[in-house]
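Chain letters run A, B, ... following the sequence lines, proteins first, then strands; residues in each count from 1. Any value given below was found using the heavy atoms of this structure, including those in side chains, with hydrogens, waters and symmetry copies removed.
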Number of protein chains: 2
Amino acid sequence: MNVASKIKRGRKFDQVLAGARVIFLRDGFEGASVDDIAREAGVSKATLYSYFPDKRLLFMEVAKAECRRQAESAAEFDDEGASPRKVLTIAGRRIGDLAMSDMGRGVFRICLAEADRFPEIGREFYESGPLLVRNRLCDYLQRAMDRGQLEIEDVPLAAEQFSELCKADIQVRRLFKQDETCSAQKRNKIVKSAVDMFLARYATEETKIADAAETA
Amino acid sequence: MNVASKIKRGRKFDQVLAGARVIFLRDGFEGASVDDIAREAGVSKATLYSYFPDKRLLFMEVAKAECRRQAESAAEFDDEGASPRKVLTIAGRRIGDLAMSDMGRGVFRICLAEADRFPEIGREFYESGPLLVRNRLCDYLQRAMDRGQLEIEDVPLAAEQFSELCKADIQVRRLFKQDETCSAQKRNKIVKSAVDMFLARYATEETKIADAAETA
DNA sequence: CCTCAAGTGAACTCCGCGGTTTAACTTCCT
DNA sequence: AGGAAGTTAAACCGCGGAGTTCACTTGAGG
């Protein structure tokens, strides 16, 4: 039993949460009505309120769960043996996927919109989203440095740079509903370009030589 | 006279717009009440409605004006004679400033929140914001290529990459209210690192040599 | 000084939403 | 069978915000 949570569990708990997730992600916090959520969840309003004391708490619960879900998808990449190019390409593709996904967009949008009203939402999202990815990346970069593959003065900054590079040209367009689709081909090109740039700056001489041989 | 606009002009037009700007930027679209706006503008609600047919139109007008304002601040950089490092450093600082400003954050936040309900808002913001900056940057990069300073296969992508690099580590934290302040020193470091990385990848050999001499 | 258009403010309508209550119905345990 | 706990649909309350109306003021121009 979840002692920390003040929220009652029960048969229809997950059902309510699932419905709330759909509606909140579609309409945002203000835009979503509790009636809509109850209908979507296939549950009466009274039942909904028997589980969650109010709308705000329900929203927080949904947001937290969603952040956790996404954190999982940014899984670790521990390909110790592989070349930096290979490891970074895989990681970059994951980052790009997250930026393109409907879920990623929805959560980003709502968390940002509500970050002023509910600061803890902003923190929660940041920490279990971008920060988590960055930390994983930092760990890898540090290991690659220890192995003499990379040469970086400011590892956290480098991690952030790589992450941003992978989202170049797609994140903003996606967020603002321009150019809905983005071909896999284009995404590959962006990630490749990001890796090229990152290695041009941070790879040691040996790594560059090995990379040139590998790529050719 | 603005024929295209269906909105009546008049003595208090700008006054209303100014008030709306303050309140919308503070409270968002849903959060802002028309009464608040009228009060802030020092105008009666009736007058407000005599200028703008409804709240949505008023908001659109504010958002459009604000995007234009910001676009201006990302002014052109035609330092033809200067080295790529100098030009890019100045441009990068401007981009960073915009990402850090309250205005920049506010407009971004609200436009994103309303992009689903009012797609034209999303388009307007994207085109007069990020896209405009990118195009300016593209123009410069092309000229630098013509001069043999840079060597780029995909100019628009490179522009986007540089832009993203300049916002690394600050944009997201700023948006989600983490780490409110960011020292000028740190910002300089980020921009310098962005320029370093960009040149490492896209500068021609001669430029790299000249840059090394210049930096030393 | 009179006119008339623009502006005022306060009251008012309408509506949707958050949240509550109630009375009937289902489930399930003993 | 019986009863406690959970669920439901529907009506209901109160509030706050969008938009309207109207009697009244202001001030520039003939």
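In this structure, the CD1 atom of A:Ile37 is 11 Å from the P atom of C:dC17, given to the nearest Å. Counting to the nearest Å, the P atom of D:dT8 and the CG atom of A:Leu48 are 10 Å from each other. One interatomic measurement links the two molecules: OH of B:Tyr49 to P of C:dA10, which rounds to 18 Å at whole-angstrom precision. When rounded to the nearest whole Å, the span between CZ of B:Arg39 and P of C:dA10 equals 11 Å. The separation between B:Asp27 atom CG and D:dG16 atom P is 15 Å, rounded to whole Å. In this structure, A:Lys12 places its NZ atom 14 Å from C1' of C:dC28, rounding to the nearest Å. Nucleotide D:dA18 holds its P atom 9 Å from the CZ atom of B:Phe24, rounded to whole Å. In this entry the distance linking CD1 of B:Ile23 with P of D:dA18 reads 12 Å, nearest Å.
OP1 or OP2 of C:dT8 sits under 4.0 Å from a side-chain N or O of B:Thr47.
The cationic atom of B:Lys55 (NZ for Lys, CZ for Arg) lies less than 6.0 Å from the six-membered ring centre of B:Phe29 and within 45° of the ring axis. Cation-pi geometry between A:Arg123 and B:Phe176 is not met: the NZ or CZ atom fails to fall both under 6.0 Å from the ring centre and inside 45° of the normal.
The residue among A:Ala32 and B:Gly42 whose nearest nucleotide of DNA chain C is located toward the 5' end is B:Gly42.
Of the candidate nucleotides D:dT8, D:dC22, C:dG18, C:dG18 has the atom nearest to the side chain of A:Asp35. Picking from D:dA18, D:dT8, D:dT7 the nucleotide with the shortest atom distance to the side chain of A:Tyr51 gives D:dT7. Nearest to the side-chain atoms of A:Ala46 among the listed nucleotides C:dG9, C:dT21, C:dG18 stands C:dT21.
Between the side chain of A:Lys55 and the base of C:dG19 there is no donor-acceptor pair of N/O atoms closer than 3.5 Å. Counting distance only, with no hydrogens placed and no angle test, the side-chain atoms of B:Lys45 and the base atoms of D:dG19 include a donor-acceptor pair under 3.5 Å.
The aromatic rings of A:Phe118 and A:Phe59 sit tilted relative to each other, their planes meeting at an angle between 30° and 60°.
Between the side chains of A:Gln161 and A:Tyr202, at least one donor-acceptor pair of N or O atoms lies under 3.5 Å. Side chains of A:Ser50 and A:Thr47: a donor-acceptor N/O pair is absent below 3.5 angstrom, by distance only.
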